[in-house]
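Chain identifiers are assigned alphabetically (A, B, ...) following the order of the sequence lines, protein sequences preceding nucleic acid strands; residue numbering begins at 1 within each chain. Treat the numbers as computed from the prediction; the structure is a model and nothing was measured.
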Amino acid sequence: MESEPHRQEPENDLLSLFVLPLEIGSRMYDAEDLEEQGVPGLLDGLPADTQRVLLHHARTLISIKPELGYHFLFMSKALLERIDLSSLEEWVSLVLDIFDVKGLNPAKEFILELDRHPLFAQYWGKGVSFHEVGGILGNYVNALGHRNFHLEPSPIHYTDTLTIYLPERISTFPLKEDNALLYKIMVTHKSLQADLGTYRLNPKEIPAIETAAGSEVHEHPNQTKAPPLLRFFTLFPDHVLAEDLFNFMETIRIEGWIEAQLPGLFREMKRLKKELGMKRPDSSDLPGKSRIMENLIMQWLGNSQPFKETDLGEMVRKIRRLSGSLNRPEATVQDTAYAVTKAFRTINEIPGFYKPIAPVSFMGILKPEDAERGRRKRREATRVQFREELAKMLEDFPQCEQVEIEIPGTDDAHSSKSKTPSQQQIPHELLLDGNPVPVPEAMRKIITEIYEDLGAIPGAYMAIADDMSGHSFRSLCQTPTGTSNVLSEHGKGVHVYDEWDYRRKGYRKRWVLLRESDAATGDPAFANNVLERYRGMIQTIKRQFERIQTAQRLLKKQKEGDRVDLDAAIEALTDGRAGLTPSERVFSQIRRDRRDIATAFLIDLSGSTKGWINDMERTALLILSEALQVLKDRFAIYGFSGRTRKRCELFRIKGIEEAYGEPVKERISGLSPLDYTRMGPPIRHVTGILRRIEARTRLMITLSDGKPDDYDIYKGSYGIEDTRQALLESREAGIHPFCITIDKAEHSYLSHMYGPANYVFIDDIAKLPVRIPEIYRKLTT
Amino acid sequence: MLNQVKPIEAYFIEDEPYYLSSGREIDIFTQAYRNHLPVLLKGPTGCGKTRFMEYMAWRLKRPLLTVACHDDLTSGDLVGRYLIQENETVWMDGPLARAVKTGGLCYLDEIVEARKDTTVVIHPLTDDRRILPMEKKGEILRADPEFMLILSFNPGYQSIMKDLKPSTRQRFVSLEFDYPEEAGETAIVTREAGVDEETARRLVHLGHMTRNLKEKGLDEGGSTRLLINAGKLIQSGIPPRDACLSAIAYTLSDDVEMQRSMDEMISSLF
């Protein structure tokens, strides 16, 4: 065991720092103990430079008290998420001060408590954490462009074009605002990497770049399957240098866009760049290539210090001219690639190796493979959306077996330069059998995205859409085997429903079996916990609801009332004079509105709600139920789940006339995810229940986490269309259906299913408990 | 005092109102007018529905009688009532009756706000009968050939209490309105607020950003009207950031986090 060959080099061997056995607390540790605790790997994954600095400080601490160094090594990664490498020295001297003055235990506490320690806040409290700004920046980045991003904390700052990964904490600057600004610049920069196509280098350009780059550049034959950007980097003998140049030059291109579109941010960014420039480490002992790179960065940050050597100065000027041309709105990633190629040749004239320079924090790193995966995911999602949209359009052409779809102007979209989407001609019309049909807004967004990604709409997309529209639909029906999954038509609480088949534009008679039963009870501790934890929120929501309850209305023209309605009285008087029978309704009354509302909540219990969603669904239901006590509105809660047409389950959590109390709380606590989402049958059943209720307003609120989906054919258009039909039936019965969807993105099918303004989607599940009562309040006032 | 009713001439619009067309709405409206069809204007608040009406009234050279609907609006307010003047009763026409008689355009703004029974008096005017029964006078008014009824309605409200009944809805030719395209909206903000084009462009950019958040934290994005309001404040010397915060961010949301998100957008733009 002890002679494993992959052990780190001696200077990095953390074990060798300590004199063994090591005494910690009252225990002695030998090498094997430390290995078991994972000490040798504590710094793995950090850049070599960072490791070196950490080791240096660890040695200092160990030389004074080994135990401090031991704890420091364990906390070092977490520590670096909270303070800068450059502040580490100050931090270490603070540890030693505490040790000197107060002894070992307080010093140890200071290390272990990190930013929870009061002294830490005193020294580094100006930092900003991801959690403080994540929500604000989430809205900000979604407002910035037509794409949606997720923000997540991560030790590495980059984007895969779906998610932007940001540091847990930024404390680079003494001012809190500046640290928050750095977060904002990071988010903007990454979202623009995705929007302006940093990762969308056209692979067809690679051979041309190869030629332009000259003899020293050639591509490995086995690279052709890799993402284009990765292929591009590996063209160069030193791909780290190429990558650094590319990231720098792309940042200049992105900055050009910011300057034109977000002048306020540009101004602030300029100021912050200068500050970042002052924090750069000394570069005088770097090799020549690195010094050029560092000088480029410094000049760009606005802290220029020209070279003494004229030849180096000339080189930097040459590269700056190259990168300057990228600061135009029409510049693309291909332009950057060519500029990088030229800049690389220039720098490569200097002998020696390139040692990577200190990164500029907001530029982050490039991850072409992750971006490629992100792009695939997005592409798949848009492809599906496109098919659905197109299929919807095609449904208006039911008479033809074959529909010819043409997109005007697709041919010229294949131009070699990928333009930014605003410059591209997104067609306003599609040709269906030669007839122009306007492209709906939802479709235009999708097409924009496909253009951005692929430059054109592949023919295959349209062929499949044709298939989906039902002209030549293949059956996907597979019934699971075994009888336990099937309900008996004559079983207790079993109801039989029709189901809408959009392909035949008719109902399949007696097609679905649905069973209504009481929901199982769960541990009341969950409910009590929630009610305790959210007490403040429940109070607030109750107060909001009270305000609805006490809303008063002045009713005019009443037969009786507290005071005379002057307008009505005058009218009656004049009517009398004019020889008409004067109205006796001449009083006004202040009356509290009687709310006559009955609501059924339908909760999706499909398997996909497992975990967090289910927890928040239960939490939201409890909070809502509590709050509804104020309004005295009648409400029912049902959960649903399905597994084929022979087994749809509807669980009664609270009947409409049932009082809210312990049994209901227990049933809510006991809700757990089950099978699939067959939405039509439960909607039909609950429509029936509501239909029998006497109320002026009857409302059905569905809470689900996405598309209808069941084990058999109940997917895609079939499921959507049946759900839509069930909702139409419900509307016909005088019920207002409304849907709350938990999803990461809005989908066009929602509007199709529920009708515009009849649904809302919530992308942040944590907001569910606040949003549901709010939605209910808005709907009913 | 009471008999000083504004003459119908005062309802003509003399000067061409500024209106930027963004589709075929002018043609469709004109043909609906020629064919005696009532029109329903649908669209989010502040996108130019009322301005469009002023423009069409000017273009068709008809008087425009606008009624802003509210929940106390009764049919008497629309049709008319008896008033006492110097010891005698005088019938006074409501705006709807005046429009019916004089061949004007009667525009009922935000119709869903009105009491539900109000919509019933308009029904006989919206089919081929084109009549207005005046119950109190015992008369039936036959509409002038030039008369036209227009309703406006914002389908974006997610309140079930504010929907238009199908029986009303299905009598109308509907025109969908939305915020103008970027270039058009910039031109409108420039002109209406009197700001320079660059400021207008930034305001419009901000408008688009807030609209990207519709249903993602905002009920509605910033309307063209809000952008113009912000522009006017800027033009009057309020610093852009304060102007946008007051005219747009605080108007659109009470949620502190959302306001701060909008502040970030504003500070990025200005």
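Side-chain atoms of A/Glu268 and B/Ser268, non-hydrogen and from C-beta on, never get closer than 4.5 Å to each other. Counting heavy atoms from C-beta on, the side chains of B/Glu264 and A/Ile136 come closer than 4.5 Å. No side-chain heavy atom of A/Asn142 sits less than 4.5 Å from a side-chain heavy atom of B/Asn212. Under the 4.5 Å side-chain criterion, counting only non-hydrogen atoms from C-beta, B/Tyr82 is not in contact with A/Leu573.
How far CG of A/Asp567 is from CG of B/Asp77: 8.0 Å, rounded to the nearest 0.5 Å. Summarising the geometry, atom CG belonging to A/Leu262 is positioned 5.0 Å from atom CE belonging to B/Met209; distances are rounded to the nearest 0.5 Å. Once rounded to the nearest 0.5 Å, the distance linking OG1 of B/Thr74 with CD of A/Glu571 reads 6.5 Å. Summarising the geometry, atom CD belonging to A/Gln261 is positioned 5.5 Å from atom NE2 belonging to B/His205; distances are rounded to the nearest 0.5 Å. Between atom OG of residue B/Ser253 and atom CG of residue A/Asn139 there is a gap of 9.0 Å, rounded to the nearest 0.5 Å. From A/Leu265, atom CG reaches atom CD1 of B/Ile266 across 13.5 Å, with rounding to the nearest 0.5 Å.
With a 4.5 angstrom heavy-atom cutoff, B/Met262 does not touch chain A via any of its atoms. Residue contact with chain B, scored on non-hydrogen atoms closer than 4.5 Å, is absent for A/Ala568. Looking at A/Ile570, there are no atoms closer than 4.5 Å to chain B (heavy atoms on both sides), in backbone or side chain. Heavy-atom distances place the side chain of B/Arg201, and not its backbone, under 4.5 Å from chain A. Heavy atoms of B/Arg202 lying under 4.5 Å from chain A belong exclusively to its side chain. Only the side chain of B/Arg81 comes within contact range of chain A, with at least one heavy atom under 4.5 Å from a heavy atom of that chain.
Heavy atoms only, all atoms of each residue included: A/Ala143 and B/Met265 are closest at CB-CE, 3.4 Å. Closest non-hydrogen pair, A/Gly135 versus B/Ser261, comes out as O-OG, 4.1 Å. Across all non-hydrogen atoms, the minimal contact from B/Phe270 to A/Arg267 is O-NH2, 3.1 Å.
Comparing B/Gln259, B/Lys136, B/Arg260 by heavy-atom pairs within less than 4.5 Å of chain A, the highest count is held by B/Lys136.
With 3.5 Å as the limit, one finds a donor-acceptor pair spanning the side chains of A/Lys184 and B/Ser267.
In the displayed structure, B/Gln235 atom CD is contacted under 6.0 Å by more than 12 heavy atoms of other residues, nucleotides or ligands. More than 12 heavy-atom neighbours from other residues, nucleotides or ligands sit within 6.0 angstrom of CD on B/Glu139. Within a 6.0 Å sphere centred on CD of B/Gln31, other residues, nucleotides and ligands contribute more than 12 heavy atoms.
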